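On a predicted model such as this, the values are computed, not experimentally measured, just so you know.
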Amino acid sequence: MKTLVIVAHPDIASSRVNKQWINALRDYPEEFTIHDLYEQYPSWQIDTVAEQHLVEGYEQIILQFPFYWFSCPPMLRKWFDDIFNRGWAYGTGGDKLQHKKLMLAISCGIPEHELATDGKHKYTLHELVRPFELTALYCGMQFEPLFAVYGMGHKVSDEAIQQSAQAYLQHIRTVFA
């Protein structure tokens with residue numbers, strides 16, 4: 001079953017990690033459809049109907065993004081606001097997301113130990129992504145275990161980035177098996 005990967009990175013050209021993940025997924029076009037929101041909507045005018053039809057065509061959806069200010073980049077937030085409408089995603093007649101699987105793939109620039117209850121930021125990544133989980137559950141989706149890599153700043157080696165891409169592929173195949 002093919003998976004829709006919605007990418008939301010405001011500067012994918014300078015992203016070493018997310019760009020490598022996309023390249024790894026593109027090696028398997030029979031498995032993945034890559035949909036880059038910033039590339040698709042440079043004017044930020046999201047085509048709600050087109051996006052809803054796209055999402056309706058997939059049972060497995062991944063949201064891939066860098067962790068910004070303890071959340072997602074603004075385009076992905078806007079995408080949720082524009083697409084997940086009453087009568088489509090939830091509420092009376094809002095059954096288009098029922099039983100679909102949703103997974104997050106997140107790159108974090110900060111080390112994992114800083115995102116811990118006893119760390120610098122006091123919360124784990126799993127705690128900080130609860131709004132995504134709640135949104136998925138509210139819309140009748142199945143929220144799958146997230147994939148995350150930490151400490152992916154500018155000094156990370158090319159080898160570590162390549163390893164993260166392979167781990168990402170393995171995680172997807174395990175989760176959606």
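Without hydrogens or angle criteria, E127 side chain to T124 main chain gives a donor-acceptor distance under 3.5 Å. With hydrogens and angles ignored, the 3.5 Å screen pairs a side-chain donor or acceptor of D47 with a backbone N or O of A50. Under a 3.5 Å cut-off, the side chain of D36 and the backbone N or O of E39 do form a donor-acceptor pair. Between the side chain of R16 and the main chain of V156, a donor-acceptor pair closer than 3.5 Å is present.
Separation of atoms CD1 (I12) and CG (L37) is listed at 11.0 Å; rounding is to 0.5 Å. Within the model, atoms CG of L54 and CD of E51 stand 6.0 Å from one another, a figure rounded to the nearest 0.5 Å. Going from atom CG of L104 over to atom CD1 of I61 covers 11.5 Å, rounded to the nearest 0.5 Å. How far OG of S164 is from NE2 of H171: 13.0 Å, rounded to the nearest 0.5 Å. Here the CZ atom belonging to R26 is positioned 6.5 Å from the CG atom belonging to N23, to the nearest 0.5 angstrom. Once rounded to the nearest 0.5 Å, the distance linking CD of Q162 with CD of E159 reads 9.5 Å.
Q170 and Q166 share no donor-acceptor pair across their side chains, judged by distance under 3.5 Å alone. With hydrogens and angles left out, the side-chain atoms of Y58 and T33 include a donor and acceptor closer than 3.5 Å. Looking at T48 and Q52, their side chains never bring a donor and an acceptor atom within 3.5 Å of each other. In the model, Q64 has no side-chain atom that pairs as donor or acceptor with a side-chain atom of W21 under 3.5 Å.
Residues S15 and N18 approach most closely at OG-N, 3.0 Å, considering heavy atoms. Across all non-hydrogen atoms, the minimal contact from Y168 to M103 is CE1-CE, 4.0 Å. Considering every non-hydrogen atom in both R130 and E133, the closest pair reads NH1-OE1, 2.9 Å. Between A136 and F143 the shortest heavy-atom distance is CB-CD1, 4.0 Å. Closest of all the heavy-atom pairs between P10 and P66 is CD-CG, 4.5 Å. C139 and F84 get closest at one heavy-atom pair: SG-CD2, 3.8 Å.
Between E59 and K100 a salt bridge is recorded (basic side-chain N to carboxylate O distance below 4.0 Å).
The closest side-chain heavy-atom distance from F67 to L128 is below 4.5 Å. Annotation: side chain of F32 is not in contact with side chain of D27 (no heavy-atom distance under 4.5 Å). A 4.5 Å side-chain heavy-atom check between L146 and F132 finds every atom pair outside the cut-off. Counting heavy atoms from C-beta outward, I46 and K78 have side chains that approach closer than 4.5 Å. Between K2 and Q60 there is no side-chain heavy-atom pair separated by less than 4.5 Å. Looking at F147 and L169, their side chains never come closer than 4.5 Å, going by heavy atoms from C-beta outward. Side-chain contact between E114 and C108 is absent, with no heavy-atom pair separated by less than 4.5 Å. With contacts defined as side-chain heavy-atom distances shorter than 4.5 Å, the pair P74/L76 does not qualify.
I62 and Y28 fall within a single hydrophobic cluster, where Ile, Leu, Val, Met, Phe, Trp and Tyr are joined by side-chain heavy atoms under 4.5 Å apart, directly or via other members. L63 and Y90 fall into different hydrophobic clusters, where Ile, Leu, Val, Met, Phe, Trp and Tyr residues are linked whenever their side-chain heavy atoms come under 4.5 Å apart, directly or through other members. Both Y41 and Y38 sit in one connected hydrophobic cluster of ILVMFWY residues. Membership requires side-chain heavy atoms under 4.5 Å apart, directly or through other members. W79 and Y68 are assigned to two separate hydrophobic clusters, defined by single-linkage of ILVMFWY side chains at heavy-atom distances under 4.5 Å. A continuous path of ILVMFWY side-chain contacts below 4.5 Å connects Y123 to V129, so both sit in one hydrophobic cluster.
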### Query
Between Y150 and I110, does a side chain to side chain contact (heavy atoms under 4.5 Å, CB included) hold up when you go through it step by step?
CA-CA 6 Å; Y150 301 85; I110 58 179; 5.6 Å; no
### Derivation of the side chain to side chain contact (heavy atoms under 4.5 Å, CB included) call for D95 and W88
CA-CA 6 Å; D95 60 356; W88 184 80; over 6 Å; no
### Task
Begin with the C-alpha distance, continue with both residues' side-chain angles, and end with the deciding distance and a verdict on side chain to side chain contact (heavy atoms under 4.5 Å, CB included) for E144 and F176.
CA-CA 9 Å; E144 299 294 345; F176 293 145; 3.9 Å; yes
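For the ring pair (Phe, Tyr, Trp, His ring centres under 6.0 Å) test, no residue two or more places apart in sequence or in another chain qualifies with H35. Contacts of E31 classified as side chain to side chain donor-acceptor pair (under 3.5 Å), with partners at least two apart in sequence or in another chain: R173.
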